[in-house]
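Contents: one structure, followed by commentary.
Letters A, B, ... mirror the listed sequences (proteins, then strands); counts begin at 1.
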2 protein chains.
Amino acid sequence: MAKRLRQKDIAQLAGVSQATVSLVLNAAPATQARIPAETRERVEKVIRETGYVADPVARRMVKGLNRILGVFTYEPAFPSEQADFFTPFLFGIEEAAQALGYDLLLLTGAGTQRKIFAENVRLRLADGCVILGRKFDNTELARLVAGDFPFVAVGRRDDAGGPVPYVGGDYAPATSALVERARALGHRRIAYVGLNEGAESTIDRWYGFSRAIGDAELVASIFAVDRPPAETLDILVSAGASCVFFTELADAMRVEAVARERGLSVPGDLSIVVLGNHIRADEPGRRFTSFAIPREAMAKAATEMLVRRVENDAPVEQLLLPCEPVEGDTLGPLSPKTKKTR
Amino acid sequence: MAKRLRQKDIAQLAGVSQATVSLVLNAAPATQARIPAETRERVEKVIRETGYVADPVARRMVKGLNRILGVFTYEPAFPSEQADFFTPFLFGIEEAAQALGYDLLLLTGAGTQRKIFAENVRLRLADGCVILGRKFDNTELARLVAGDFPFVAVGRRDDAGGPVPYVGGDYAPATSALVERARALGHRRIAYVGLNEGAESTIDRWYGFSRAIGDAELVASIFAVDRPPAETLDILVSAGASCVFFTELADAMRVEAVARERGLSVPGDLSIVVLGNHIRADEPGRRFTSFAIPREAMAKAATEMLVRRVENDAPVEQLLLPCEPVEGDTLGPLSPKTKKTR
DNA sequence: TTATCTAGCTAATACGTATTAGCAAAAAGA
DNA sequence: TCTTTTTGCTAATACGTATTAGCTAGATAA
């Protein structure tokens with residue numbers, strides 16, 4: 001590999017000093033920089049012809065910005081099983097970065113540690129960082145909040161020694177709306193399957209559910225995920241639930257399949273609602289009544305927020321984007337048979 | 001935030017020089033560094049108590065290479081329709097980069113132009129670049145080959161003013177194997193649907209097909225993609241083809257559907273072979289007899305090759321990875337009825 | 001006692017960039 | 001013509017780390 005070109009080399013080719021190259025590159029107002037057009041053009045020509053780009057590391061040493069946005073994911077961004085989780089987010093991030101003239105640096109250099117502040121994570125190489133993951137490390141979050149490095153989280157985050165800048169989905173009201181819809185359809189024996197604590201997205205769903213349940217009764221709750229579907233269905237049936245809310249699509253799908261095997265009809269005998277949605281519109285299988293998570297829009301808005309923080313030292317912003325309902329076909333009226341037998 | 005601690009500060013607290021702090025931190029063999037245990041422990045204590053961590057950016061300044069790999073895609077990587085194409089490749093790249101301690105720079109500056117040498121593409125931010133896409137720009141490829149910037153293409157590429165470093169799929173023998181299998185099953189009237197020129201992957205498939213056809217007859221060839229499936233089927237039927245090879249899965253799927261509508265059985269009346277494979281294992285519909293494209297492995301190997309070029313100025317390598325056959329259920333024996341009526 | 005060797009550091013400098021004080025020559029003003 | 005101002009740069013230095021030649025004091029050998 002040819003040695004990386006330095007400004008010193010460009011200076012030599014253009015017949016000026018390194019300081020002049022730097023001044024030209026940084027396009028200070030002509031009146032300020034005091035470089036005449038002829039000199040500037042000569043230097044720009046050399047830069048163009050050589051493809052020279054300033055070393056981002058050196059620039060960051062002297063506190064310069066590189067128009068690079070870091071992307072840190074607590075899980076690998078592209079593994080087969082995760083591909084559908086991160087892809088829409090990455091699309092949103094890339095779209096915004098592109099429009100704003102920023103390149104994206106995926107901080108993979110840390111290896112398998114998956115810690116923002118792991119030894120080899122060169123967070124500072126980027127001007128700022130978008131952070132994604134199902135579950136954040138709150139110690140790291142607090143450290144980021146306490147520090148001066150600009151970042152934005154995708155997904156709502158509780159305060160961590162101070163307010164966390166984020167763009168999330170407004171899961172609580174979206175959940176409430178689905179609960180209210182179920183109640184409007186006559187459902188009074190309702191169940192909830194999924195975690196109710198831990199990640200903020202989980203807490204929001206439970207909050208929205210609890211707030212909207214009203215005069216309906218929570219006849220069963222399973223604050224867990226990945227339970228054997230048959231067992232889950234047993235609990236739901238023996239509790240006489242007519243409508244069940246799942247936080248995880250995968251759980252809903254498995255239980256729906258078992259219900260079908262047992263001759264239960266969905267939504268005739270049991271309505272199923274998912275507090276989230278299919279990532280892929282063309283996914284096989286049942287279309288569950290749910291709400292749409294605006295992943296791309298969240299990530300896009302987070303990226304734009306980050307750039308505001310990088311460029312203007314903008315104050316902390318916290319934004320929740322609405323989640324539109326998805327009709328699906330798994331929530332239906334309380335049927336007379338269902339009501340009578342329970 | 002407290003000002004970032006430097007080694008100079010640690011040195012002051014420990015009563016040594018900055019150079020000593022660095023030597024302690026880098027744990028050179030004691031015999032080499034000549035720092036006695038007492039001094040070392042005193043410095044380590046200060047480091048521990050202050051939580052000092054060396055600035056990765058400053059470290060990189062003195063080491064030269066930035067350990068950044070560019071990723072350039074000739075098509076946008078993340079819009080929904082392309083995600084399935086690029087995701088497995090990106091997984092392979094990420095995996096390798098992670099293992100090798102490199103960060104990945106997504107070059108968004110290309111925007112809608114999708115040119116490596118477009119004005120806003122800051123190629124030289126990275127130490128080297130992996131290049132992906134269905135179709136490459138040969139002018140740019142030639143420029144890369146002529147230049148000194150390390151790159152590796154994913155997918156076989158013809159020479160461009162010199163050999164192109166690449167990792168591709170070995171499509172020709174994989175195609176030949178499928179043709180030989182069809183002949184072994186008795187097929188003698190064979191058809192080919194898809195391009196036979198243009199991209200190297202296309203050329204390799206046609207080459208492998210042509211080489212293996214032997215005493216069988218090419219009774220129909222449609223060197224095009226995206227033809228109306230009914231029209232394609234008409235040509236195949238009137239030519240009396242008993243087995244057809246498609247380069248594009250999408251074309252095969254459409255023709256198979258039309259064949260089914262017409263009461264033709266696959267593979268009973270017409271065998272269909274796809275020279276490639278489903279990207280997603282859980283995709284709906286027919287499982288075609290095909291071969292597996294080792295996308296992840298290709299990208300992983302390309303990334304590793306690139307790092308060899310970046311770190312060791314390694315010579316041009318060109319690697320083709322084998323494509324394992326996928327059984328599927330669309331290729332079957334030449335049936336007596338088929339033979340008799342044609 | 002003198003000469004030589006060794007241990008324990010440190011001063012200096014490299015890395016590539018951005019910034020700024022300041023120099024020298026040319027231009028403008030008196 | 002002399003003085004002041006302006007223009008067009010450049011030398012010097014900061015950033016935080018890693019590296020190494022070299023200094024000094026103490027220990028060892030003659």
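Residues passing the side chain to side chain contact (heavy atoms under 4.5 Å, CB included) test with B/Glu44, sequence neighbours excluded: B/Val24, B/Arg40, B/Glu41, B/Arg48. A/Ala126 is linked by a side chain to side chain contact (heavy atoms under 4.5 Å, CB included) to A/Ile68, counting only residues two or more places apart in sequence or in another chain. In this structure, B/Glu95 has no side chain to side chain donor-acceptor pair (under 3.5 Å) partners at least two apart in sequence or on a different chain. Residues satisfying the ring-ring contact (aromatic ring centres under 6.0 Å, His included) criterion with A/Phe89, sequence neighbours excluded, are A/Phe85. Residues that satisfy the side chain to side chain donor-acceptor pair (under 3.5 Å) test with B/Asp103, not counting sequence neighbours, are A/Arg122. Remark: B/Tyr52 engages no residue in a ring-ring contact (aromatic ring centres under 6.0 Å, His included) (not counting sequence neighbours). For A/Tyr74, the ring-ring contact (aromatic ring centres under 6.0 Å, His included) partners at least two apart in sequence or on another chain are A/Phe72, A/Phe136. Taking the side chain to side chain contact (heavy atoms under 4.5 Å, CB included) definition, one finds that A/Pro36 meets it with A/Thr39, sequence neighbours left out. Under the side chain to side chain contact (heavy atoms under 4.5 Å, CB included) criterion, B/Glu304 pairs with B/Ala96, B/Leu100, B/Lys300, B/Arg308, not counting sequence neighbours.
A straight line from CG of B/Asn66 to C1' of C/dC15 spans 11 Å, rounded to a whole angstrom. Distance CG (B/Leu65) to P (C/dC15): 15 Å, rounded to an integer number of Å. The separation between A/Arg42 atom CZ and D/dC9 atom P is 7 Å, rounded to whole Å. The interatomic distance linking B/Leu25 (CG) with D/dT19 (C1') rounds to 14 Å, in whole Å. Atom CG in B/Asp55 sits about 6 Å away from atom C1' in D/dG16, given to the nearest Å. Separating the CE atom of A/Met61 from the C1' atom of D/dC15 is a distance of 4 Å, rounded to the nearest angstrom. Spacing between atom CG of B/Asp127 and atom P of C/dC15 amounts to 17 Å, rounded to whole angstrom units. Computed from coordinates, the B/Glu38 CD to C/dA7 C1' distance equals 14 Å when rounded to whole Å.
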Protein within reach of the bases, or only the backbone? For nucleotides 24-29 of chain C, mark each nucleotide 5' to 3' as B, S or -, using heavy atoms under 4.0 Å.
------
Within the sub-3.5 Å range, which N or O atoms of nucleotides 10-14 of chain D have a protein N or O partner, and how far apart are they?
residue	atom	partner	partner atom	Å
D/dT10	OP2	A/Ser17	N	2.7
D/dT10	OP2	A/Ser17	OG	2.7
D/dT10	OP2	A/Thr20	OG1	2.7

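Taking the ring centre of A/Phe149 as origin, the terminal cationic atom of A/Arg124 falls outside the region bounded by 6.0 Å and 45° from the ring axis.
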Residues A/Val16, A/Arg42; criterion side-chain contact (heavy atoms from CB on, under 4.5 Å); working and verdict:
CA-CA 10 Å; A/Val16 295; A/Arg42 193 166 78 245; 3.4 Å; yes
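Nearest to the side-chain atoms of B/Ala58 among the listed nucleotides D/dC9, D/dA18, D/dG16 stands D/dG16.
Between D/dC15 and A/Arg60, no contact under 4.0 Å exists linking OP1 or OP2 to a side-chain N or O. In terms of phosphate contacts, B/Thr39 brings a side-chain nitrogen or oxygen within less than 4.0 Å of OP1 or OP2 of C/dC9. Not one side-chain nitrogen or oxygen of A/Arg59 sits closer than 4.0 Å to the OP1 or OP2 atom of C/dG16.
Take the nearest nucleotide of DNA chain C for A/Tyr52 and for B/Pro36: the residue whose nucleotide is more 5' is B/Pro36.
Using a 4.0 Å cut-off between a side-chain N of Lys or Arg and a carboxylate O of Asp or Glu, A/Arg157 and A/Glu200 qualify as a salt bridge.
An angle of 60°, rounded to 10°, separates the two end axes of the helix from C/dT1-D/dA30 to C/dA30-D/dT1, each defined over five pairs.
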